[in-house]
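Encoded as structure tokens, the structure appears first; notes follow it.
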Number of protein chains: 2
Amino acid sequence: MGRCSLLLLLLLLAFLTPGAASLVSPSLRAPSSLRWSTSFRSRPTITLKYSIRYIQQKVDHFGFNIDRTFKQRYLIADNYWKEDGGSILFYTGNEGDIIWFCNNTGFMWDIAEEMKAMLVFAEHRYYGESLPFGADSFSDSRHLNFLTTEQALADFAKLIRYLQRTIPGARNQPVIALGGSYGGMLAAWFRMKYPHLVVGALASSAPIWQFNDLVPCDIFMKIVTTDFSQSGPNCSESIRRSWDAINRLAKKGPGLRWLSEALHLCTPLTKSQDVQRLKDWISETWVNVAMVDYPYESNFLQPLPAWPVKVVCQYFKYSNVPDTVMVQNIFQALNVYYNYSGQAKCLNVSETATSSLGVLGWSYQACTEMVMPTCSDGVDDMFEPHSWNMKEYSDDCFKQWGVRPRPSWIPTMYGGKNISSHTNIIFSNGELDPWSGGGVTKDITDTLLAIVIPNGAHHLDLRASNALDPVSVQLTRSLEVKYMKQWISDFYVRLRKMN
Amino acid sequence: MGRCSLLLLLLLLAFLTPGAASLVSPSLRAPSSLRWSTSFRSRPTITLKYSIRYIQQKVDHFGFNIDRTFKQRYLIADNYWKEDGGSILFYTGNEGDIIWFCNNTGFMWDIAEEMKAMLVFAEHRYYGESLPFGADSFSDSRHLNFLTTEQALADFAKLIRYLQRTIPGARNQPVIALGGSYGGMLAAWFRMKYPHLVVGALASSAPIWQFNDLVPCDIFMKIVTTDFSQSGPNCSESIRRSWDAINRLAKKGPGLRWLSEALHLCTPLTKSQDVQRLKDWISETWVNVAMVDYPYESNFLQPLPAWPVKVVCQYFKYSNVPDTVMVQNIFQALNVYYNYSGQAKCLNVSETATSSLGVLGWSYQACTEMVMPTCSDGVDDMFEPHSWNMKEYSDDCFKQWGVRPRPSWIPTMYGGKNISSHTNIIFSNGELDPWSGGGVTKDITDTLLAIVIPNGAHHLDLRASNALDPVSVQLTRSLEVKYMKQWISDFYVRLRKMN
């Protein structure tokens, strides 16, 4: 049964940021230069010019015994910044290399001029180059002890205070926190905990309620399933039936070899556990495709066609096919995600992450604070049934990291659903995004606003504007800019009153 | 020059809670039974009936490497609690034995019936019986590492969640945080950081701005001086001159022996450093008297007459007296504070604390987060000049505890003067209280309210009602109850809307 927990752990790894830990063969990855230009394909005039800088941060903001510091990396772009009436847009970095997030948050670049904004992208500790103990950072639970959301938020707080102290003209400027996915959670939490440092937050695709029993654990997989149901006839039904097709074939004499060949696996399946790993990997793939179901060709993690779920579903039009045909269809569908470039020689089940994302760090976080239950029942969703078993999850974590998760801590710390006393947070959610199930999708007050983006996938609104963007996301971005400008103008009104 | 820092450190120890580390001979302390009855002298009908309970708390809420727990003590009284429409008044314990705070917070007992309130008094970690490492808790900086305001607030959060989960009827009840002095700071900060757990906070005599350069460092001693100036002719001027009188006498041949005898010191002065210690101790005494300048006979730390500053000032009517007369007057004045009972045989300069308060813990806190600068110039105040020297302070801390203070951390964490986005906090301040200089004494918004109590000393409003209370504190308490009832009623309106 540990397998189930492991799967869920992997899913957590994979889901939070699109493709966070998805099983991508490195050989399939587009070179970063391509990703760069692709992100801004429709707006070639914008170039990302930033400086890379570092700030010394305390390893432990919440204790005084360890006085060690480390270098936190951040990016800063002030091309469009104006001292007079300007603003600071502060990206609260999430679980990966900050340059990668910077390159995939075109929205901030698109609005920089209009907002007279300085852009700052702060790297999250234990990711990218911001390693508190260098190469030893992940060596054991003692070195990992300072990888928490509270420490990360404290880094952001110190960085903002430092920038305002050291950059002439920055002191009396309104700062807005922005982030997507886990970074969106951090943006929202930052506004909640440090409202004296940021006038508001844009939390895009931030599943702040995917904890404890705040939302049903099956909501995530249900949304994935809905995406597939809506993207082609019989699509989710075919996938629901595909697992048993694999199971039946695997049980036959030469089944494992046949499956390995039919799916062009780089490493052949040899034992029954391999079959479970195969199915987990395929499940993750469908989840990832749902998350990056963008309306245009994109290259967030790797090259994908526009509306990739639709493209995948072309291979699942018929649910009543022989098992061998089903598996051949699965192979075609997997190729949409893993071989859109047409250059893959085989599919690699054992690769689990792009190097831009910190798999180790996130695995630890998922085993400590960031416990986000997911489950499936195979009836209301298209996956095999997996229950959520906290005890197994905890035991697996203890085996892997020597720590036990505290699943109720995040709601205790950040308020769970009882957050109405906070102000100035926009929660935007793509309706297609499985993470919207744990997000805030209804206004809480008139300053805690929810936006749901029909036809939007995971933090689509934070991506660069694109000619193929649906109207919904264009409107969303306009609204977001409107609210942010309001916060900024309120800030300056207060400032003038004080002086 | 280390002496100066040490003095300030001692002052910090002494000031925060009246008599926190004042140099009281144990033989002079009233037995706790007396203190008990004195607190409620004017309302003999109220008896403090509470249960003593314990909750297992994580030693480290912000890290997962140490999974150790400890027993946090709390007191609970539900005599007047009503499930229907009731409330929970939660005292955020400060630097001492929680029973002592409970006995000295009669206001909560006085209003329990009117508020249908359950009373909870939570002990602060590292104080009283709530020691994370038992007898080793203060052994070194490694064991002290978990003594921070953030950890203390997290304890409170976990305790509230636990009470609401385990006490039938407590789940859907509004909780209000209350505290005085450092406990008042914690109450305010708790509302700021955990507004989902408490609907509001009453922060009495909470100098949340006595940090960094948020207020001038000399404001504290100026207020003490004003208290003495207003309490008798020539009073502060006499005290200002008294230091040189001591200095001149100390330089004479038999001066130290003469001083020791004139002041009836238990241990004679033998070297010149002893003279500085003597003056520091006398300074602290005047500060303490100012803090507990209550309008009635009280026994907060030891028996004192009503308006003790006035009584002290009777001995300082004449500032132009010979040095020997001045010292005899000092002795008489010291006796008001140290020997109101008339039973002291000598005065003890080396005793520094009542056992109800945690001197070690506070000394560490003052050397880490709780750096509250004070200074004096001898011109605008009645004390010898002492500048604030952060470097010396830090060096002294490093010598004593092996840690260095982070003086800007508290403003970074809790917002400094920029707290206007929070709601539902009452900051009450006694105008006589030296700590009012670092308190919030003007309304910030219409839900962040300031009350200044003329003729009020340190958190007078939290003490039990007394026939000799000035009208100002009676009005203050009425206002506080009015606001708290409003928060409670708002809570129930929201609750009904949700259901």
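Chain letters run A, B, ... following the sequence lines, proteins first and then strands; every chain starts at 1. Keep in mind that the numbers below use all heavy atoms, side chains included, and drop hydrogens, waters and symmetry copies.
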Neighbour count above 12 (heavy atom, 6.0 Å) for B:F491 CZ | yes

Are A:R161 and B:P411 side-chain neighbours, meaning at least one heavy-atom pair lies under 4.5 Å?
-> yes

Heavy atoms from other residues, nucleotides or ligands near CZ of B:R171 exceed 12 (cutoff 6.0 Å) = no

Is it the side chain or the backbone of A:D60 that comes within 4.5 Å of chain B heavy atoms, both, or neither?
-> both

Answer key: most heavy-atom pairs under 4.5 Å with chain A among B:G415, B:G416, B:A154 is B:G415

Please state whether the side chain, the backbone, both or neither of B:Y414 comes within less than 4.5 Å of a heavy atom of chain A.
-> backbone

Can you tell which of B:G402, B:A157, B:S141, B:P405 has the highest number of heavy-atom pairs within less than 4.5 Å of chain A?
-> B:S141

Where does A:T412 contact chain B at under 4.5 Å (heavy atoms): side chain, backbone, both or neither?
-> both

Does atom OH of A:Y162 have more than 12 heavy-atom neighbours, drawn from other residues, nucleotides or ligands, at distances under 6.0 Å?
-> no

Best-contacting candidate, B:I160, B:I66, B:N145, against chain A by heavy atom pairs under 4.5 angstrom = B:N145

Contacting region of A:H61 [heavy-atom separation from chain B under 4.5 Å] | both

Measure the CE-NZ distance between A:M413 and B:K158 for me, rounded to the nearest 0.5 Å.
-> 11.5 Å

Where B:G63 and A:R406 come nearest, the two heavy atoms and their spacing = O-NH2, 3.1 Å

When the 4.5 angstrom heavy-atom criterion is applied to A:K58 and chain B, the contacting part is side chain

Decide side-chain contact (heavy atoms from CB on, under 4.5 Å) for B:M498 and A:S420; before the verdict, give the C-alpha distance in whole Å, the side-chain angles of both, and the deciding distance to 0.1 Å.
-> CA-CA 12 Å; B:M498 276 162 49; A:S420 61; over 6 Å; no

Aromatic plane relationship, A:F62 with B:F62 - under 30° parallel, 30 to 60° tilted, over 60° perpendicular = parallel

Enter the distance from B:S421:OG to A:R494:CZ here, rounded to the nearest 0.5 Å.
-> 8.0 Å

Which portion of B:S408 sits near chain A, non-hydrogen atoms under 4.5 angstrom = both

Of the listed A:Q151, A:E150, A:K417, A:M192, the one with the largest count of heavy-atom pairs under 4.5 Å with chain B is A:E150

Is the backbone N or O of B:H196 less than 3.5 Å from a side-chain atom of A:N418, with the two atoms forming a donor-acceptor pair by type?
-> yes

Do you know which of B:D67, B:T148, B:T368 has the most heavy-atom pairs under 4.5 Å to chain A?
-> B:T368

Region of A:Y364 that comes under 4.5 Å of a non-hydrogen atom in chain B = side chain

Could you tell me which portion of A:W401 (side chain, backbone, both or neither) has an atom closer than 4.5 angstrom to a non-hydrogen atom of chain B?
-> neither

Stepwise, does the side-chain contact (heavy atoms from CB on, under 4.5 Å) test hold for A:F64 with B:R404?
-> CA-CA 7 Å; A:F64 291 74; B:R404 291 202 176 272; over 6 Å; no

